[in-house]
Amino acid sequence: MINKQKFEELFNQHLIKDISEEKIDIVLSGQYGKALELLRDAEATGLFPALVGPPGVGKTILCRYFASLRAQENKNKSFHWLTMDESIKPSHFIGSFDPAITLKKGFVLEAFNPGPLLSAMLEGGTFLANEINRATEYSQNTLLEPLEEASISIPHLGRIKADKDFFFISAMNPEELSGTHRLSEALKDRIKVWIKLTYPDKATELDIIRINLPEHFVVEESELELIYTIINETRKNKIDIEIPASIRAGIAIAKLVARTRFLEKKENVKEKMSIYEILTDITKNVLLGSIKPKPGMKVENVIENIIHKTLGT
Ligand SMILES: Nc1ncnc2c1ncn2[C@@H]1O[C@H](COP(=O)(O)OP(=O)(O)OP(=O)(O)O)[C@@H](O)[C@H]1O
Ligand SMILES: [Mg+2]
């Protein structure tokens, strides 16, 4: 463990004081520009939007970018989020009483630690309810009052009205993906702008991979094309694969290819490996946990087939 002084020093060094200062490398071509426009339209009309799409298509980065734009325009500076699952309780949104202070002073304001939703409502900030359809209906119900009345009741303390700039975005994976509770009808009815994100078109996805590569990482265009072919194959094969490779998998493969080439150069290797050899190995390592095969299918076999089909190896 680091000591207290070191902890404080490092914490302050790394603290993101204001989301408008955060540098977000985002590609806004294709679906992303349109989705951003829809978020802005929802904001301008006071409607609450939801981003719907499979894992890793860019829901979170788009929200962060949108929140940073709002912050830059000086509407507010805060961005809070909460990723949900079955264990999330209303107090995780609203906040809770500190047991020690409550014991001494009772249920007073001073004893209350505000949660992310209450903070965003008070500051007029942006709140992202990530994976909202994984929360239980009981927890989803906490959101009904904020969305309908722009207010929220805090046990023992009273009801507060949200700042006029409070903005609520939800993000979720499509309901057909297993493991997600359905969104309650009551909540569904309060979300009025549905923004669907899917796997991006080829040009956009290649731009996303490029923008996510560290500066000194070099991957040739022909190599990027091959990486895309592999990733896209996992998405086309709906017979063997339940959840295909996300954008993250393509980024990971590209980084590992760049690393291999870097080492070849550094070690002055005479016989460079072909990209097919490199990708055969890397693809196995990355896809192993990046795709979910249909029940009864062995992931290793599915990967072998993909490699054979796209690389011929
Ligand atoms: N438009 C984009 N521009 C730049 N990078 C992107 C873009 N879309 C996605 N990415 C990158 O792809 C990865 C996944 O994006 P993100 O985390 O936003 O996905 P998500 O939809 O929130 O995924 P999950 O459902 O798993 O939470 C990140 O590394 C992100 O930087
Ligand atoms: Mg996310």
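Start at 1 and go down the list; that is how both ligands and their atoms are numbered. One-based numbering along the sequence shown.
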Tell me: protein heavy atom nearest [atom], and distance?
| atom | value |
| --- | --- |
| atom 12 (O) of ligand 1 | Ile247 CG2, 3.6 Å |
| atom 5 (N) of ligand 1 | Asn212 ND2, 3.2 Å |
| atom 9 (C) of ligand 1 | Gly58 CA, 3.5 Å |
| atom 17 (O) of ligand 1 | Arg248 NH2, 2.8 Å |
| atom 30 (C) of ligand 1 | Ile61 CD1, 4.2 Å |
| atom 29 (O) of ligand 1 | Ile251 CD1, 4.0 Å |
| atom 3 (N) of ligand 1 | Val27 N, 2.8 Å |
| atom 7 (C) of ligand 1 | Ile208 CD1, 3.6 Å |

Spatial distance of atom [atom1] ([X]) from atom [atom2] ([Y]) [nearest 0.5 Å]:
| X | Y | atom1 | atom2 | value |
| --- | --- | --- | --- | --- |
| Ser246 | Glu205 | OG | CD | 8.5 Å |
| Leu263 | Met273 | CG | CE | 11.0 Å |
| Leu183 | Ile191 | CG | CD1 | 5.0 Å |
| His80 | Met121 | NE2 | CE | 12.0 Å |

Completion exercise
Sorted by chain and number, sequence neighbours left out, ring-ring contact (aromatic ring centres under 6.0 Å, His included) with Phe66 holds for Phe167
Handout entry: Partner residues of Phe107 under the ring-ring contact (aromatic ring centres under 6.0 Å, His included) criterion, sequence neighbours left out
Key =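 Phe107 satisfies ring-ring contact (aromatic ring centres under 6.0 Å, His included) with Phe97, His156 only.
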Problem - Closer than 2.8 Å to the Mg ion (ligand 2) - protein N, O or S atoms, ordered by chain and residue number - result: Thr60 OG1
Between [X] and ligand 1, does any nitrogen or oxygen pair lie at a separation below 3.5 Å?
| X | result |
| --- | --- |
| Gly56 | yes |
| Val57 | yes |
| Asn130 | no |
| Leu62 | no |

Handout entry: Per-atom contact, atom 14 (C) of ligand 1, protein heavy atoms, under 4.0 angstrom
Key = yes
Between [X] and ligand 1, which residue portion shows a heavy-atom distance shorter than 4.0 Å: side chain, backbone, both, or neither?
| X | answer |
| --- | --- |
| Leu197 | neither |
| Thr60 | both |
| Ile26 | both |
| Lys59 | both |

Handout entry: Atom indices of ligand 1, in the order listed, that fall short of 4.0 Å to a heavy atom of Asn173
Key =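 In order of numbering, the contacting atoms are 25 (O).
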Handout entry: Atom indices of ligand 1 within 4.0 angstrom of Tyr32 heavy atoms, with elements
Key = 1 (N), 8 (N)
Lys/Arg-Asp/Glu bridge criterion (N-O < 4.0 Å) met for [X], [Y]:
| X | Y | answer |
| --- | --- | --- |
| Arg210 | Glu221 | yes |
| Glu149 | Lys161 | no |
| Arg40 | Glu73 | yes |
| Lys34 | Glu37 | no |
| Arg261 | Glu220 | no |

Handout entry: Pairing residues for Lys284 by the side-chain contact (heavy atoms from CB on, under 4.5 Å) criterion, not counting sequence neighbours
Key =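 Applying side-chain contact (heavy atoms from CB on, under 4.5 Å) to Lys284 gives Thr280, Ile303, Glu304, Ile307.
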Do other residues, nucleotides or ligands put more than 12 heavy atoms under 6.0 Å from [X] [atom1]?
| X | atom1 | result |
| --- | --- | --- |
| Glu22 | CD | yes |
| Tyr65 | OH | no |
| Lys192 | NZ | yes |

